[in-house]
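Below is one structure, written out as structure tokens; the observations come after it.
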Amino acid sequence: MTLHVYNTQTKKRESFRPLRDKKVNMYVCGPTVYNYIHIGNARVFVFFDVVRRYLEYKGYEVTYVQNFTDVDDRLIETAQQEGTTVKELAERYIRAYFEDMDALGVKRADVHPKATEHIGEMVEGIRILLEKGYAYERDGDVYYRALKKEDYGKLSHQTLEELKAGARVEVNEKKESPLDFALWKKSKPGEISWDSPWGKGRPGWHIECSAMSKKYLGDTLDIHAGGMDLCFPHHENEIAQSEAWTGKPFARYWLHNGYIKMGNEKMSKSLGNIVRVVELREKYEPRALRYFLLSAHYRNPVSFSFETIHQIERGLERFDTAVTNLHHRMKTAEAGNAEPTVNKRLSELTREFEAAMDDDLNTANAISVLYDAVRFANETVARSVVPRGTLAAILGWLRQFGGEILGLVVDGEEESLEAEIEALIEERQQARAARDFKRADAIRDRLAERGIILEDTPQGVRWRRK
RNA sequence: GGCGGCAUAGCCAAGUGGUAAGGCAGAGGACUGCAAAUCCUUUAUCCCCGGUUCGAAUCCGGGUGCCGCCUCCA
């Protein structure tokens with residue numbers, strides 16, 4: 001099966017074919033680190049983490065780059081307000097970012113380049129753009145000349161005419177056209193700045209992605225991704241710059257995810273209706289947040305609600321009990337390899353899982369396959385006779401697809417119980433054997449209060465933490 | 001004004017021509033000493049009105065409602 005993805009640039013579902021055989025270069029626009037990230041920001045990071053994991057599962061060698069925008073107007077402003085430096089502010093929120101991502105189970109990118117550490121590359125790019133006539137300098141600023149290339153607007157599917165008509169950008173007399181955008185901004189006195197051939201200043205927003213993706217991934221990317229709202233102008237500008245700079249196509253597949261809504265509105269910092277990850281993960285299991293972000297198709301908008309997260313937590317319990325119960329059953333299972341019928345069923349599930357993911361990365365459907373696997377696991381655990389190999393095979397499937405790819409199934413070290421609790425469980429078993437159910441139930445209730453749930457099965461008592 | 005998206009059960013959500021996946025919640029049943037867990041069964045005039053078609057949630061036209069981008073924003 002081939003992976004098919006929806007490409008924003010062509011507005012079509014296309015089969016995915018990287019430039020170089022089994023190597024995939026992907027670049028995902030990372031956060032501007034002037035504040036904590038919210039659940040909407042997290043969607044792109046969690047989703048593309050799954051994309052990356054899935055591509056690796058399919059045998060691709062993925063190089064994943066995600067930048068940090070660590071200098072821009074908002075950072076400068078916030079640092080001033082807080083009486084700190086841009087650098088300190090950025091470092092603080094980069095740390096916070098990684099804490100959030102670790103909690104959400106997002107793997108590190110191969111490279112996390114920072115804008116401030118690539119000023120040289122950006123200056124070089126701007127210099128080339130000037131040389132080629134794609135940029136002009138005005139009083140210490142450098143602007144990109146959007147009208148120079150006819151295809152400006154090709155990503156967001158607007159013609160130059162439409163864009164000109166719709167432009168309601170602030171009047172800036174320095175610009176030749178309102179569609180032009182800053183490559184380099186002259187700094188005000190006291191602001192953080194770098195030297196350049198055009199005087200002291202700092203880079204515009206868009207140029208960093210062009211410069212850093214080129215440095216780490218080359219002129220043409222296989223996948224360039226980000227939130228829908230980056231499509232215009234950010235990505236449009238990146239394409240323009242990069243292609244003007246290198247003369248080569250910038251990205252083969254543009255993937256954009258929809259946003260998280262709060263009620264009826266888009267969740268965004270400017271609207272102030274955000275829910276931060278750092279706060280959510282204190283209240284909910286972070287895995288539930290990850291699940292939530294994967295529960296709908298990535299291009300559809302999704303409404304955030306505490307009710308939904310709560311529902312998801314319940315669903316997650318089923319994954320966990322399935323794993324726990326497999327382990328418990330394995331202890332008394334007889335030796336033996338996985339049965340052919342079981343392997344056949346697992347292959348079927350694998351096919352279904354891949355079909356879902358290959359169809360424009362439909363994680364919602366992939367999750368429903370995960371539930372099928374959980375049901376299969378539960379049915380198997382309930383059998384009176386089952387070889388250990390069968391249970392191990394099912395557990396392995398859940399680990400691989402539910403765990404390694406989706407990051408929703410955990411199968412950690414087996415927990416141990418305090419001696420005191422062990423003793424109580426044993427005492428209850430004796431009471432049950434003596435048919436002293438009052439006593440047995442009293443002990444069970446007591447343990448339940450301490451968060452230990454006991455379940456009696458034909459293979460003996462089973463416990464789990466609530 | 002230009003461009004684009006969405007509307008499926010109480011809730012979340014797949015599905016883009018062949019009489020509606022999955023999850024949560026609810027109901028009934030099986031299992032259990034009782035539970036729990038699990039399994040089985042069950043719950044939808046697919047926003048409205050037309051049209052195309054043997055056949056439409058799906059395509060076309062027209063409505064209604066909501067949202068996004070065009071300005072910092074995942």
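All chains are named by letter (A, B, ...) in the order of the sequence lines, taking the proteins before the strands, and each is independently numbered beginning at 1. Note: hydrogens, waters and symmetry copies are ignored here, and every other heavy atom, side chains too, is used.
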[N]: pairing nucleotide in any strand, Watson-Crick or G-U under 3.5 angstrom:
N     : value
B/C6  : B/G65
B/C59 : B/G51
B/U16 : none
B/C31 : none
B/A37 : none

Strictly below 4.0 Å: does [X] bring a side-chain N or O up to OP1 or OP2 of [N]?
X        : N     : result
A/Trp205 : B/C73 : yes
A/Arg299 : B/C6  : no
A/Asn365 : B/G22 : no
A/Thr321 : B/U38 : yes
A/Asn325 : B/A36 : no
A/Arg13  : B/U16 : no
A/Lys438 : B/G33 : no

Using the [atom1] atoms only, state how far [M] lies from [N], rounded to an integer number of Å.
N     : M     : atom1 : result
B/C48 : B/A13 : C1'   : 23 Å
B/A57 : B/A74 : P     : 40 Å
B/G51 : B/G2  : P     : 30 Å
B/C46 : B/G18 : C1'   : 16 Å
B/A37 : B/G26 : P     : 11 Å
B/C59 : B/G15 : C1'   : 16 Å
B/A21 : B/A9  : P     : 14 Å
B/G62 : B/C3  : P     : 14 Å

Does the Lys NZ or Arg CZ of [X] fall within the cation-pi geometry relative to [Y] - under 6.0 Å from the ring centre and within 45° of the axis?
X        : Y        : result
A/Arg299 : A/Tyr6   : yes
A/Lys185 : A/Tyr143 : no
A/Arg108 : A/Phe98  : yes

>> Whether the A/His112 and A/Tyr64 side chains hold a donor-acceptor pair (N or O, under 3.5 Å, no angle test) is what I'd like checked.
In response: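 Not at all, the side chains of A/His112 and A/Tyr64 share no donor-acceptor pair under 3.5 Å.
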
>> Less than 3.5 Å apart, any donor N or O on the side chain of A/His206 or A/His235 sitting next to an acceptor on the other?
In response: no

> So, do A/Phe16 and A/His4 have ring centers that fall under 6.0 Å from each other?
Replying inline: no

Base of [N] paired with side chain of [X] (donor-acceptor, under 3.5 Å):
X        : N     : result
A/Arg444 : B/A35 : yes
A/Asp441 : B/G33 : yes
A/Arg318 : B/G23 : no
A/Gln311 : B/C11 : yes
A/Asp72  : B/C72 : no

